[in-house]
Amino acid sequence: MIRRRSTPWIHKWSRLIIAAIAGFGALNTGYLTIEKLTGGSPACVAQAGVKSCTDVLSSPWATILGQPLALFGFLAYTSMLVLALAPVVWKGGENNNRKQLENVTWWLLLVGAIAMSVFSGYLMYLLAFEIKALCLYCISSALFSLSLLVLTIVGRSWEDIGQILFTALIVGMVTLIGTLGVYAGINKPDVTSANIPPGQLAPFVPKTNPNPEFGWEINTTSGEAEIALAQHLVKVGAKEYVAYWCPHCHDQKLLFGKDAYQIISDNIKIECADDSPKGQPELCRAAKIQGFPTWIINGQTYSGVQNLSELAKITGYTGPSNFKYFK
């Protein structure tokens, strides 16, 4: 009696597993796309002295051809999801057509997984050595891409391993050359004063460790408009949630200037760092604060650094509006 070889379980379920991972990848990059387009701050676990997901989204590498990089990731994962499920949901009557669809989609999955893995590898290099940030969304995406590649290779019986290696070499080289070409014109941000319009503040780059009581010293001055807005924010019951070690929080302080921000600090600022003498982390947890700075005004949450003109508009401020600085 001739026994038929049983199909390995991974070959039976590989497409569904690939589809599931691609689905998670699409959710991950879709969320980052929305945050980038709306100017929000992605929820992430921030650590003292370490750049976070917000820094990654605001870096020059987070935009390609005028669109969020995460948008292209979302499209890539969605394409992998469709390719993985296409033969599974095939309702055609001829087995030959379904078999042909399976073969074509497997090769497209392989090409896509190779390209995504190479591109993700380059992004991990940027994350570690250029941006120098810890972004769990980015790391997760890279792991998703690598998992897709592994599952695509082991998820079926490939007849010609040499052809896989040749495909990997060609697709990998094309992807790497294309990636380097896209990013060729992107340099590290030049924040010298010569390149900044009058009144626009350069992103704050810490050169010393922050003081747990107040962070870094504020070296900008306040005008009549900044002080009046600060008083108005206190009057309407606004709350600002910060962490002393957060550079973006210091960016917000610099927009107000020293005197105006003292009003904010004395009345409506809530320190979320638990290692600060002024820390009130329980209030931050109760308010479900996920990034810094975060403003809560009239029950609405506003994440990230806000220009003073934006705060004025949000709160119905009608006083002097000749603010000295903007981002």
Between CG on residue Leu134 and CD1 on residue Ile139, distance to nearest 0.5 Å: 5.0 Å
Contact check, side chains of Glu213 and Tyr244, non-hydrogen atoms, under 4.5 Å: no
Over all atoms of both residues, closest heavy-atom pair of Leu308 and Glu226: CD1-CG, 3.6 Å
Side-chain (Tyr317) to main-chain (Pro320) donor-acceptor, under 3.5 angstrom: yes
Any donor-acceptor N/O pair, Ser265 side chain to Tyr261 backbone, under 3.5 Å: no
Side chain proximity check, Pro68 to Leu32, heavy atoms < 4.5 angstrom: no
Side chain His232, main chain Thr315, donor-acceptor under 3.5 Å: yes
Trp106: ring-ring contact (aromatic ring centres under 6.0 Å, His included) partners, not counting sequence neighbours: none
Side-chain heavy-atom pair Ile289, Thr301 within 4.5 angstrom cut-off: no
Any donor-acceptor N/O pair, Thr33 side chain to Ala70 backbone, under 3.5 Å: yes
Plane angle bin for Trp295 and Phe256 - parallel if under 30°, tilted between 30 and 60°, otherwise perpendicular: tilted
Residue pair Leu85 / Trp90, side-chain heavy-atom distance below 4.5 Å: no
Partner set under side chain to side chain contact (heavy atoms under 4.5 Å, CB included) for Cys272, not counting sequence neighbours: Tyr241, Cys284, Phe292
Leu149 backbone acceptor or donor facing Ser117 side chain under 3.5 Å: no
Any residue meeting side chain to side chain contact (heavy atoms under 4.5 Å, CB included) with Phe214, in chain and number order, not counting sequence neighbours: Asn211, Glu217
Candidate pair Met80 and Leu148, rule side-chain contact (heavy atoms from CB on, under 4.5 Å), full reasoning: CA-CA 9 Å; Met80 296 292 282; Leu148 290 176; 4.2 Å; yes
Asp160 side-chain N/O to Gln163 backbone N/O, donor-acceptor pair under 3.5 Å: yes
Cationic tip of Arg156 above Trp158 ring, under 6.0 Å, 45° of axis: yes
Rounded distance [0.5 Å steps], CD in Gln290 versus OG in Ser303: 8.0 Å
Point-to-point distance, once rounded to the nearest 0.5 Å, from NZ of Lys269 to CD of Gln280: 10.0 Å
NZ-CG distance between Lys99 and Leu101, expressed to the nearest 0.5 angstrom: 11.5 Å
Ile10 side chain near Leu151 side chain, heavy-atom distance below 4.5 Å: yes
Atom CD of Glu159 with >12 non-hydrogen neighbours under 6.0 angstrom: no
Gln300 side chain reached by Ile296 side chain, heavy atoms, under 4.5 Å: no
Under 3.5 Å: donor-acceptor pair, side chain of Gln252, backbone of Gln306: yes
side-chain hydrogen bond (donor to acceptor under 3.5 Å, both in side chains): pairs with one or both residues in residues 136-154, sequence neighbours excluded: Tyr77-Ser141, Tyr77-Ser145, Ser120-Ser145
Stepwise side-chain contact (heavy atoms from CB on, under 4.5 Å) check, Trp61 with Leu127: CA-CA 10 Å; Trp61 294 279; Leu127 190 69; over 6 Å; no
Residue pair Leu83 / Thr105: nearest heavy atoms and the distance that separates them: O-CB, 3.6 Å
Side-chain donor/acceptor of Glu130 to backbone N/O of Tyr125, under 3.5 Å: no
Test log, rule side-chain contact (heavy atoms from CB on, under 4.5 Å), inputs Ile297 and Leu311: CA-CA 9 Å; Ile297 302 172; Leu311 290 174; 3.9 Å; yes
Closest heavy-atom pair and its distance - Pro293, Val242: CB-CG1, 4.3 Å
Partner residues of Val111 under the side chain to side chain contact (heavy atoms under 4.5 Å, CB included) criterion, sequence neighbours left out: Thr167, Val171
Heavy-atom pair of closest approach, residues Ala84 and Arg15: O-NH1, 3.2 Å
Any donor-acceptor pair under 3.5 Å from Asn267 side chain to Ile263 backbone: yes
Trp216-Phe204 aromatic ring centre distance below 6.0 Å: yes
Atom of Glu240, atom of Ile264 and distance for their closest heavy-atom approach: OE1-CG2, 3.6 Å
Minimum side-chain heavy-atom gap Leu254-Ile218 below 4.5 Å: yes
Within 6.0 Å of CZ in Phe166, more than 12 heavy atoms from elsewhere: no
Test item: Pro212 and Pro277 side chains (from C-beta on) under 4.5 Å apart, heavy atoms: yes
Pairwise salt bridge (Lys or Arg N to Asp or Glu O under 4.0 Å) hits with a residue in residues 316-327, at least two apart: Asp251-Lys327
side-chain contact (heavy atoms from CB on, under 4.5 Å) between Ile64 and Tyr183, worked out: CA-CA 8 Å; Ile64 294 181; Tyr183 283 131; 3.6 Å; yes
Gly291 backbone acceptor or donor facing Thr294 side chain under 3.5 Å: yes
